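Written out below as structure tokens is the structure these notes cover.
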Amino acid sequence: MPAIQQEVLYAMQPETAPPAPSDGSVAPTPTAAASAAAPTDRFGAKDVFDLSWRNLLDAYSCTECGRCSAACPANLTGKTLSPRKIMMSTRDRLEEVGRNIDANGKFADDGKNLLNYISVEELRACTTCNACVEECPVSISPLEIIVEMRRALIMEDSNAPQEWNALFGNIENNFAPWKFSPDDRDKWTAEV
Ligand code: SF4
Ligand code: SF4
């Protein structure tokens, strides 16, 4: 992910980061050494504003045929997740935002976001198998919205089950989900 590579680069080499804009002023132009890309405001999506225009158009294009949900292993095994509902919920929130903008001239914070429409339980039930995307007759990707929302949950809110945190720590430190040091990786070869 380029946005993450960039954040890591800025953390490791702060001199490459573009200067922060001062109050009310126009952001200074990054130095030649700095990346042309501005620091990422947010990882993943918390609300419809963070989704791509394609995701939003998808929400309006959904025919509600249900083929995605019929092929979804999470749905088939009784989980709360329905990719069809993901698209309908995204559209519902989008329409709510639209009505808000119509009423106020611009968006007035209503204290809500997409998580008021799509639950954490639904998001976590997805196996990212891609079946919903392959089944959709109009090439919609509910998966993309799910992944973006999960990304925000983890990277913005640190909202993960306790069991996952050990895994994240291991990946960060050991480059693998297990607790063993990378230096010990080839120890099994001694036995063969
Ligand atoms: S990618 Fe997720 S939502 Fe889509 S079919 Fe697979 S489990 Fe269901
Ligand atoms: S398969 Fe595509 S069009 Fe049909 S309900 Fe799912 S997302 Fe909508």
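None of these values were measured; they are calculated from a predicted model. As the structure lists them, so they are numbered: ligands from 1, and atoms in each ligand from 1. When reading the values below, keep in mind they use all heavy atoms of this one structure, side chains included, and skip hydrogens, waters and symmetry mates.
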May I ask you to decide if N113's main-chain N or O and N116's side chain share a donor-acceptor pair within less than 3.5 Å? yes
Salt bridge or not for R93 and D110, using N-O below 4.0 Å? yes
What are the protein N, O or S atoms, given as residue plus atom name, that sit under 2.8 Å from atom 6 (Fe) of ligand 1? C129 SG
Are M149 and F49 co-members of a hydrophobic cluster defined by side-chain heavy atoms under 4.5 Å apart? yes
Report whether I146 and W53 are members of the same hydrophobic cluster (ILVMFWY, side-chain heavy atoms less than 4.5 Å apart, transitive linking). no
Under 4.0 Å from a heavy atom of L81: which atoms of ligand 1 are those, numbered in the order shown and with their elements? 3 (S)
Protein N/O/S atoms closer than 2.8 Å to atom 4 (Fe) of ligand 2: C65 SG
Side chain of N100, backbone of A108: donor and acceptor closer than 3.5 Å? yes
Just how far is it from atom CZ of R185 to atom CG of D183, taken to the nearest 0.5 Å? 10.0 Å
Verify side-chain contact (heavy atoms from CB on, under 4.5 Å) between L115 and L153, making sure each step is shown before the conclusion. CA-CA 10 Å; L115 282 172; L153 277 182; 4.0 Å; yes
Please name all residues satisfying side-chain hydrogen bond (donor to acceptor under 3.5 Å, both in side chains) with K85, sequence neighbours left out, ordered by chain then number. S89, E122
Would you say L167 and V120 are hydrophobically clustered, going by side-chain heavy atoms of ILVMFWY under 4.5 Å? no
Under 4.0 Å from a heavy atom of I146: give me the atoms of ligand 1 that qualify, with their elements. 3 (S)
If a pair satisfies side-chain hydrogen bond (donor to acceptor under 3.5 Å, both in side chains) and one of its residues is in residues 147-165, list it, with sequence neighbours excluded. K46-D157, R124-N159, E148-R151
